[in-house]
Amino acid sequence: MTTTATRATAAPEAPPVPRWTPVELLPPLVLVVLGAVLLAPGHGLWFDELFTAEVGRHPLAEILRAIVTGEGVTSYLADVPPSYNAPYYLVVHAWVSLPGLGGDTSLRVLSVLATAGGLALTTRALTRLAGPATGVLAGLVLATAPLVLEQAVEARSYGLVVLATGGALLGLVRWLQEPPRGLALFGLAGAGMGLAHWYAVTVLAAFVVAALLLRGRAAVRVAVAGVLAVLPVVALIGVNLLNGTGSRNAEHLRDTGGTLADLAVEAWAGGRTPLLYLTVGLAVVGALRGAGVRVVGVCWLLVPLLLLLAGELVRPLYHPRYLLAGLLGLGVLAAAGATALPRGARAPVAAALVAFSLLAGSPLAVREPRERSDDLVALLARVQQPGEPVVAADQRAALGLDHYVRTLAPRLRPDVVLPPDDAPPGAGRVWVVRRLVDGAPVPTDDDAILADAGLSLTDTREFPGTKTDLVLQLWTR
């Protein structure tokens, strides 16, 4: 009798954990292949990526000093310290220190590999949580999403965001299925999320909420791990507040007027209406019927959006890539929705979801360069004569000129003049590199110096880009 009662009141056994299968490697493999396609044109770095390259090449002690003091690493970047994404620059420094690395492409490859690793972890976690069909489809949806692809091939921190998010998700799923396993991974990867980008902390909060909803009081340890994971991020924010760089990028952020969710979903779909409607429709189905992943997916998407909408009451917060970690939940819910449809509709709808994502991202394969400092320096190397000064008139022009003179045309180095130094008035021919804003050169005091010295503008060659327009000017007597 006792034995029978004991059996009747025993907790039900946890469902068996799906074994790892090679098909789970399909999403990261697709991401790597698509990343290679997008990198094939070999466009030069643009300002944000050039900043990554510039910071990463400095000695570790110098980078740490700049992070703590809020000072720039070069004279013309004195007001642009590497404090904001400090952990990323430390990772980059370690990466470029490896033998054979350090070139422009290797910086972007780091992002591709990190994103692929994040998708591998995410696919494994979702396979454990909802089965192979949902897990692999979700991984493919994320691997082909336009916003993910765009950020996966740039030398910035968003690949590390995806990697850390995948690690935290896998830690959470392990804990849900085999506690206390996964708790350490959840905490360490959760800390990495916020250190890779502050906004990713909102997704960490979403995972904690999901754990609490699924396990109640038993999830207190997950909540504690989440709080501890936030502490390094708080310390990083404190450093930025103390050195005066905490709100340095605030002028670039938008106030969406309460439309943040609409803009975020549009950015995820690359602005393509068919993909947007299909993704949102399937995400609703996934939120209602997605087996295994419903609670985690809904929290993953809604908690970050609600937190950021609340934050907009204080200050503008929106930039599409800042929401990348949270929008991954939208792709997960869409995949769950596709696999929750009647059996006959699952395969065609899943294929349509991936196909629409590929179509929406296809313009990335033929996009124009964001900045053409490399082309400008290549031209300078052909037309400039030794002794003719090459002057960078502004900060953005200086970064590209400095980088590509170092990597493509070192013979120009003795003649390069970088801010805060002004154009030398004694030369008979002076080359000036400057940025165009609204079709007009950014005005600097170099114009007056050259004009007073009897030089006049005799030739102009423009180098338009999708992010930065540059112009090369020749001043002669």
Side-chain angles (χ1 to χ4, degrees), residues 27 30-31 34-35 37-38 115 118-119 122-123 126 134 136-154 156 158-159 161-162 165 197 199-200 202-203 206 254 256-288 290 293 297-298 300-306 308-309 317-341 345-346 348-367 466:
V30 168
L31 189 281
L34 293 177
V37 171
L38 298 187
T115 305
L119 294 186
T122 300
T123 302
L126 294 173
T134 299
V136 174
L137 178 59
L140 289 174
V141 170
L142 302 186
T144 56
L147 186 61
V148 174
L149 286 174
E150 182 182 11
Q151 300 308 317
V153 295
E154 296 214 344
R156 294 191 292 185
Y158 297 98
V161 170
V162 177
T165 302
H197 197 277
Y199 280 38
T202 60
V203 178
R254 294 175 53 185
T256 67
T259 63
L260 184 145
D262 296 338
L263 293 173
V265 173
E266 183 178 359
W268 174 262
R272 299 303 178 98
T273 301
L275 176 60
L276 189 155
Y277 287 158
L278 180 61
T279 300
V280 172
L282 289 176
V284 172
V285 175
L288 296 175
V293 75
V298 170
W300 193 346
L301 176 62
L302 292 186
V303 171
L305 288 177
L306 292 174
L308 293 174
L309 279 170
L317 291 170
Y318 178 71
H319 199 291
R321 63 178 182 266
Y322 287 8
L323 275 63
L324 175 61
L327 288 172
L328 296 176
L330 176 64
V332 169
L333 281 177
T339 56
L341 295 174
R346 292 174 190 172
V349 171
L353 181 60
V354 174
F356 282 5
S357 293
L358 286 170
L359 288 173
S362 61
L364 295 172
V366 293
R367 65 177 175 176
T466 59

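Numbering of residues begins at 1 and proceeds along the displayed sequence. Atom set for the values below is all heavy atoms of this structure, side chains included, hydrogens, waters and symmetry mates excluded.
Smallest separation of non-hydrogen atoms from Ala143 and Leu31: O-CD2, 3.7 Å. In terms of heavy-atom proximity, Ala335 sits nearest to Val141 at CB-CG2, 4.4 Å. Between His197 and Val161, the closest heavy-atom pair is CB-CG2, 3.6 Å. When every heavy atom of Ala287 is checked against every heavy atom of Val298, the shortest pair comes out as CB-CG2, 3.6 Å. Shortest non-hydrogen contact noted between Thr123 and Pro27 is OG1-CG, 3.6 Å. The minimum heavy-atom distance between Val203 and Ala325, with the atom names listed, is CG2-C, 3.5 Å.
Side-chain atoms of Arg367 and Glu150, non-hydrogen and from C-beta on, do get closer than 4.5 Å to each other. In this structure, the side chains of Asp262 and Thr256 stay at 4.5 Å or more apart for every pair of heavy atoms. The shortest distance between side-chain heavy atoms of Val162 and Leu142 does not fall below 4.5 Å. Counting heavy atoms from C-beta outward, Thr122 and Thr165 have side chains that stay 4.5 Å or more apart. By the 4.5 Å heavy-atom criterion applied to side chains, Leu282 and Leu333 are not counted as neighbours.
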Problem set entry | Evaluation steps, side-chain contact (heavy atoms from CB on, under 4.5 Å), between Leu137 and Val354 | CA-CA 8 Å; Leu137 178 59; Val354 174; 3.9 Å; yes

Exercise. Between Glu154 and Arg321, is a side-chain contact (heavy atoms from CB on, under 4.5 Å) present by the stated rule, with each step listed?
Worked result: CA-CA 12 Å; Glu154 296 214 344; Arg321 63 178 182 266; over 6 Å; no

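Atom CG of Leu275 sits about 4.0 Å away from atom OG1 of Thr279, to the nearest 0.5 Å. With rounding to the nearest 0.5 Å, the separation of CG in Leu301 from CG in Leu330 is 5.5 Å. Expressed to the nearest 0.5 Å, how far CG of Leu317 lies from CG of Leu309 amounts to 9.0 Å. Interatomic distance, Leu34 CG to Ser362 OG, rounded to the nearest 0.5 Å: 11.0 Å. For the atom pair Trp268 CH2 and Leu327 CG, the distance stands at 6.5 Å (nearest 0.5 Å). Between Leu323 atom CG and Leu147 atom CG the span is 9.0 Å, to the nearest 0.5 Å.
Using the six-membered ring where Trp is involved, Tyr322 and Tyr199 have ring planes that are perpendicular, over 60° apart on the 30 and 60° scheme.
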